[in-house]
Visitor: 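One structure is given below, represented as structure tokens, and several questions about it will come after.
What you see is a predicted model; the values in this text were computed from it and never measured. We count ligands from 1, going down the list as the structure has it; atoms in each ligand are counted the same way.
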Amino acid sequence: MTAATASLRADRRRATPLDVERIRADFPILRNVRVEGRPLVFLDNAASSQMPQAVLDRIVRYRTWEHANIHRGVHYLSETATAAYEGARRIAQRFLNAREEREVIFTSNCTDGINLVMHGYGRKVVGAGDEIVLTHLEHHANIVPWQMLCEEKGARLRVVPVNDAGELLIDEYERLLNPRTKLVAITHVSNALGTINPVKAIVAAAHRRGVPVLVDGAQAAPHLRIDVQDLDCDFYAITGHKIFGPTGIGVLYGKAGLLEAMQPYKGGGDMILSVTFEKTTYNVIPHKFEAGTPPIAEAIGLGAAMEYMTAVGHDRIAAHEHALLEYATELLGAIPGVRLIGTARQKASVLSFYVGDIHPHDVGTLLNQDGIAVRTGHHCAQPVMARFGVPATARASFAFYNTFDEVEALAASVRKVQQLFA
Ligand SMILES: Cc1ncc(COP(=O)(O)O)c(C=O)c1O
């Protein structure tokens with residue numbers, strides 16, 4: 001280590017408000033897993049982050065002592081499970097700062113939440129010749145459902161372009177809004193580049209023209225404090241496995257008035273008030289949108305994950321991750337031949353890069369030999385890859401449990417990869 005690097009690293013350590021070693025002790029997978037004989041360096045958090053012991057324990061407690069189907073029973077276990085499930089909804093309400101509990105719908109993931117809005121809202125309001133505004137930064141989850149809707153209705157997608165740093169061209173966005181615009185669907189944080197979009201301003205501009213906004217918050221919720229009332233967005237979709245919770249569970253927030261006017265997306269048990277062969281009347285929100293037995297343990301586990309994040313503190317999480325991102329940007333940016341893809345001024349802790357002309361899959365495979373997990377590929381965001389002229393990138397994404405040592409391990413391993421291909 002050079003003297004300059006040592007002093008930079010010492011500054012960073014002083015700058016972080018988190019006791020990261022204490023936090024890491026909460027994550028058994030980080031303590032116990034070794035890869036190729038080395039400690040795991042887990043830098044694939046944007047794909048799925050790890051669960052702390054508190055979440056694992058809560059799921060085991062539910063499965064061991066509280067398991068029963070919810071809402072339908074008058075017996076002890078059903079009431080216990082119902083209370084835990086509905087308690088998780090209240091936690092999610094606080095996590096997103098939703099005005100009302102009934103504005104919080106449990107889904108199976110972010111994709112499911114977006115599809116719910118596409119079916120329940122989009123199919124009702126979008127017609128031939130109408131337009132839906134997306135951005136060039138979207139994950140496929142926030143492109144494909146809208147494309148399907150456009151095909152069905154004869155509508156079309158309009159796409160907000162980005163500059164070379166990966167920032168949205170806001171003037172272009174404003175120009176795209178017109179009387180045919182029926183919905184704006186934007187990501188809060190880009191999964192491929194890390195760009196944080198100015199969602200509040202985007203929502204305000206759409207609302208000035210009476211257009212509702214859906215926000216894909218899958219990559220924002222792990223890093224930022226989310227306040228749907230402050231953003232004033234109409235829908236906000238998140239996914240559990242990226243916020244230190246289980247897979248198979250997500251949350252869709254929607255403004256009560258909109259949700260009440262929407263068609264249910266799935267039909268079945270629990271989403272009805274009465275059924276005859278002639279007619280079904282639907283349940284009130286949010287239950288209207290939760291057909292069938294939901295992922296109960298997963299919802300309860302997600303509640304525990306949200307409580308864990310809140311206890312760590314969103315401001316501390318953001319400060320630590322920002323310090324990691326800056327350090328990683330400096331170290332990787334200083335390696336000749338490494339191209340950083342996505343250099344927006346406002347970024348979450350996601351670092352996409354290309355090493356010379358080495359294919360990202362080779363980079364990822366070689367990093368794995370040093371125990372380092374990064375994601376390689378198009379990150380389910382092919383349009384943004386095309387915008388930057390690459391088929392794929394290697395992507396390191398940091399969570400609050402990552403360390404400065406891990407950033408250095410990544411940089412050292414990238415240098416090794418280069419030497420191997422030299
Ligand atoms: C920005 C963004 N939106 C949506 C998704 C989809 O999340 P899920 O697969 O949990 O539905 C992802 C997952 O990577 C994402 O990064």
Side-chain angles (χ1 to χ4, degrees), residues 42-51 92 96 105-119 134-148 159-160 162 166 168 184-197 199 202 213-224 226 231 233 235-253 265-266 294-295 298-299 301-302 305-306 321 341-342 344 346-352 373-385 387 392-399:
F42 190 75
L43 305 180
D44 192 19
N45 296 288
S48 277
S49 50
Q50 302 300 343
M51 286 181 276
L96 297 172
I105 299 164
F106 282 122
T107 59
S108 52
N109 49 39
C110 179
T111 306
D112 191 36
I114 295 170
N115 276 275
L116 190 159
V117 177
M118 186 278 261
H119 284 276
L134 311 180
T135 81
H136 221 124
L137 296 174
E138 302 310 318
H139 185 279
H140 297 164
N142 201 29
I143 301 174
V144 182
W146 305 118
Q147 218 159 32
M148 292 162 86
V159 181
V160 185
V162 293
L168 292 181
V184 172
I186 47 153
T187 191
H188 197 163
V189 170
S190 154
N191 70 314
L193 309 184
T195 310
I196 301 175
N197 289 325
V199 166
I202 288 172
V213 180
L214 172 138
V215 182
D216 170 353
Q219 295 292 344
H223 307 292
L224 311 174
I226 308 300
L231 295 175
C233 56
F235 301 102
Y236 198 98
I238 64 173
T239 200
H241 62 97
K242 296 188 200 290
I243 54 170
F244 315 97
T247 53
I249 186 75
V251 168
L252 174 73
Y253 157 82
Y265 162 40
K266 298 169 186 165
E298 287 75 8
L302 176 59
M306 288 172 164
E321 290 178 347
I341 315 272
Q346 299 293 324
K347 269 189 73 169
S349 49
V350 171
L351 198 62
S352 258
V374 296
R375 178 120 319 216
T376 59
H378 54 59
H379 316 298
C380 296
Q382 284 181 340
V384 79
M385 295 288 107
R387 163 65 180 79
T393 67
R395 180 189 70 184
S397 51
F398 306 98

Visitor: Residues in side chain to side chain donor-acceptor pair (under 3.5 Å) with His379, at least two apart?
Guide: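 With sequence neighbours excluded, His379 shows a side chain to side chain donor-acceptor pair (under 3.5 Å) to Thr393, given in chain and number order.
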Visitor: State which residues pass ring-ring contact (aromatic ring centres under 6.0 Å, His included) with His136; sequence neighbours excluded, sorted by chain then number.
Guide: none
Visitor: Under the side-chain contact (heavy atoms from CB on, under 4.5 Å) test against Leu168, which residue among Thr187, Thr195, Val160 passes?
Guide: Val160
Visitor: Between Ile186, Thr111, Leu134, Asn142, which is the residue that forms a side-chain contact (heavy atoms from CB on, under 4.5 Å) with Asp216?
Guide: Asn142
Visitor: Anything under 3.5 Å between an N or O on ligand 1 and a protein N or O? List each pair with its distance, or write none.
Guide:
residue, atom, partner, partner atom, Å
ligand 1, 3 (N), Asp216, OD1, 3.1
ligand 1, 3 (N), Asp216, OD2, 2.5
ligand 1, 10 (O), Thr239, OG1, 2.6
ligand 1, 10 (O), His241, NE2, 2.7
ligand 1, 11 (O), Asn109, OD1, 3.4
ligand 1, 11 (O), Cys110, N, 3.3
ligand 1, 11 (O), Thr111, N, 2.8
ligand 1, 11 (O), Thr111, OG1, 2.5
ligand 1, 14 (O), His139, NE2, 3.3
ligand 1, 14 (O), Lys242, NZ, 2.6
ligand 1, 16 (O), Gln219, NE2, 2.7

Visitor: Under the side chain to side chain contact (heavy atoms under 4.5 Å, CB included) test, which residues partner Ala299, sequence neighbours left out?
Guide: Tyr85, Phe106, Ile249
Visitor: Should Ile114 and Trp146 count as side-chain neighbours, where that means a heavy-atom distance under 4.5 Å?
Guide: yes
